[in-house]
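As the structure lists them, so they are numbered: ligands from 1, and atoms in each ligand from 1. Please read these numbers as outputs of a predicted model, since none were measured by experiment.
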Amino acid sequence: MVQKRAYISETSSYLPDTVMTNSQLEKVVETTDEWIVSRTGIKERRIAHKEEATSDLGVKAAHKLLEKAQLDISQVDLIIVATLSPDYIFPSTACIIQKKLKAKCPAFDVVAACSGMMFALATAKGYITSGLYKNIMVIAAEKVSSILDYTDRSTCVLFGDGACAALVTDKPLSDHAVWMDEIVLGSDGEMHQALEVPSGGSVEPLSKEALEEKRHCLRMDGRVVFRHAVKRMISSISECLKKGNIEIDEIDYFIPHQANNRIIEAILKRFMIDPQKVHRNVEYIGNVCAASVGICLDEYLEHRSKSDQNILMAAFGAGFTWGTMILKGEGR
Ligand code: COA
């Protein structure tokens with residue numbers, strides 16, 4: 001039996017226009033542009049307006065997507081949203097976005113931190129190939145700045161705000177559509193405390209003390225996360241290539257999660273990937289968590305050469321979670 005394909009027919013992204021440079025951060029915490037650039041590759045990041053919620057960023061990406069795809073919102077069968085900085089603990093950010101888009105379809109969130117877009121796309125693929133839905137809007141949106149502690153220099157310099165959207169369909173709706181081939185997802189909850197927001201959930205409800213200690217903000221053991229990010233992405237890329245029966249040399253373009261240039265370099269070194277074939281935007285937007293790989297994909301698809309037939313995306317995030325996916329050009 002021929003397996004049905006799930007296409008990414010269109011993509012979009014949205015970045016808030018406020019830029020926060022490293023030199024601006026030098027005035028907020030004890031850091032330097034030199035330290036941030038040499039340890040991470042980040043020069044600046046975008047910060048959402050105070051009154052702009054995560055759902056607003058997602059809605060902006062969604063409007064762009066509908067316009068590019070020339071699709072009416074009534075034609076969307078399902079909305080899936082990936083985020084680690086939701087509008088509320090509940091209801092889901094997807095429901096808020098559904099309301100703001102005046103959509104009538106079902107909508108739900110996927111929580112897989114920086115791997116969220118990979119998990120959401122894989123979920124969409126499952127629905128499409130099962131035949132349940134035809135047009136799925138996958139959104140990843142992050143107002144990470146709303147959960148950052150701007151007195152913690154080891155985290156606040158790394159992240160930025162932004163959103164992306166992808167239209168996943170049962171047929172290619174554009175001539176630049178790509179389809180999702182092999183996918184490898186993984187999780188390991190053993191290390192969940194290495195990157196977390198400790199307070200505000202059922203384990204530690206928000207309290208005056210928690211607020212004073214900024215335990216409602218993101219906390220990270222950077223060295224542990226770094227080590228696992230490299231290890232897990234390398235193993236999931238290897239597994240995905242094996243599943244797809246494809247060699248690394250046959251990958252025409254590589255889209256890694258943009259957390260830190262040094263993580264990307266370690267992966268390139270391991271697989272001897274040509275740096276020219278690798279997408280990077282961490283320098284200008286920092287780590288936009290769940291939206292990171294989707295923003296890269298949107299930037300890439302704008303200029304994708306038709307000869308690029310095999311594209312590999314890989315992400316890693318809190319949980320820990322990770323995911324690798326091979327995207328293919330039409331006709332293969
Ligand atoms: N400016 C200046 N100094 C800083 C700093 C900053 N913004 N942040 C940390 N430092 C200091 C530390 O306090 C430490 O000082 P000490 O040696 O006196 O204790 C020193 O720099 C080295 O810290 P270390 O944590 O070893 O640095 P590092 O080279 O590991 O880089 C990260 C730190 C956070 C950039 C790095 O660990 C990382 O990228 N981790 C993964 C992050 C990530 O990917 N997160 C999201 C996953 S999706």
### Task
Apply the test salt bridge (Lys or Arg N to Asp or Glu O under 4.0 Å) to residues K243 and E239: give CA-CA distance (whole Å), side-chain angles for both, the deciding distance (0.1 Å), then the verdict.
CA-CA 6 Å; K243 248 180 112 180; E239 194 184 333; over 6 Å; no
### Query
Would a line drawn from the ring center of H257 to the ring center of F316 be shorter than 6.0 Å?
no
### Task
Please determine which of V157, I285, V282 meets the side-chain contact (heavy atoms from CB on, under 4.5 Å) test together with I42.
V282
### Query
So does F271 have more than 12 non-hydrogen atoms from other groups sitting under 6.0 Å from CZ?
yes
#### Entry: Under-4.0 Å salt bridge between K134 and D170
yes
### Query
What residue pairs, at least two apart or across chains, pass side-chain hydrogen bond (donor to acceptor under 3.5 Å, both in side chains) with a residue in residues 263-283?
K43-E283, Y253-H279, N261-R280, E265-R280, H279-E299, N281-E299
Run through all N or O atoms in ligand 1 and write down each protein N or O closer than 3.5 Å, as a pair with its distance.
{"residue": "ligand 1", "atom": "1 (N)", "partner": "T31", "partner atom": "OG1", "Å": "2.6"}
{"residue": "ligand 1", "atom": "3 (N)", "partner": "W35", "partner atom": "NE1", "Å": "3.4"}
{"residue": "ligand 1", "atom": "7 (N)", "partner": "T31", "partner atom": "OG1", "Å": "3.0"}
{"residue": "ligand 1", "atom": "7 (N)", "partner": "R153", "partner atom": "O", "Å": "2.9"}
{"residue": "ligand 1", "atom": "13 (O)", "partner": "R153", "partner atom": "NH2", "Å": "3.0"}
{"residue": "ligand 1", "atom": "21 (O)", "partner": "W35", "partner atom": "NE1", "Å": "3.4"}
{"residue": "ligand 1", "atom": "26 (O)", "partner": "R223", "partner atom": "NE", "Å": "2.6"}
{"residue": "ligand 1", "atom": "26 (O)", "partner": "R223", "partner atom": "NH2", "Å": "2.8"}
{"residue": "ligand 1", "atom": "27 (O)", "partner": "R39", "partner atom": "NH1", "Å": "3.2"}
{"residue": "ligand 1", "atom": "29 (O)", "partner": "R39", "partner atom": "NH1", "Å": "2.7"}
{"residue": "ligand 1", "atom": "29 (O)", "partner": "R262", "partner atom": "NH1", "Å": "3.4"}
{"residue": "ligand 1", "atom": "29 (O)", "partner": "R262", "partner atom": "NH2", "Å": "3.4"}
{"residue": "ligand 1", "atom": "37 (O)", "partner": "G222", "partner atom": "O", "Å": "3.2"}
{"residue": "ligand 1", "atom": "39 (O)", "partner": "N260", "partner atom": "ND2", "Å": "2.6"}
{"residue": "ligand 1", "atom": "40 (N)", "partner": "G222", "partner atom": "O", "Å": "3.0"}

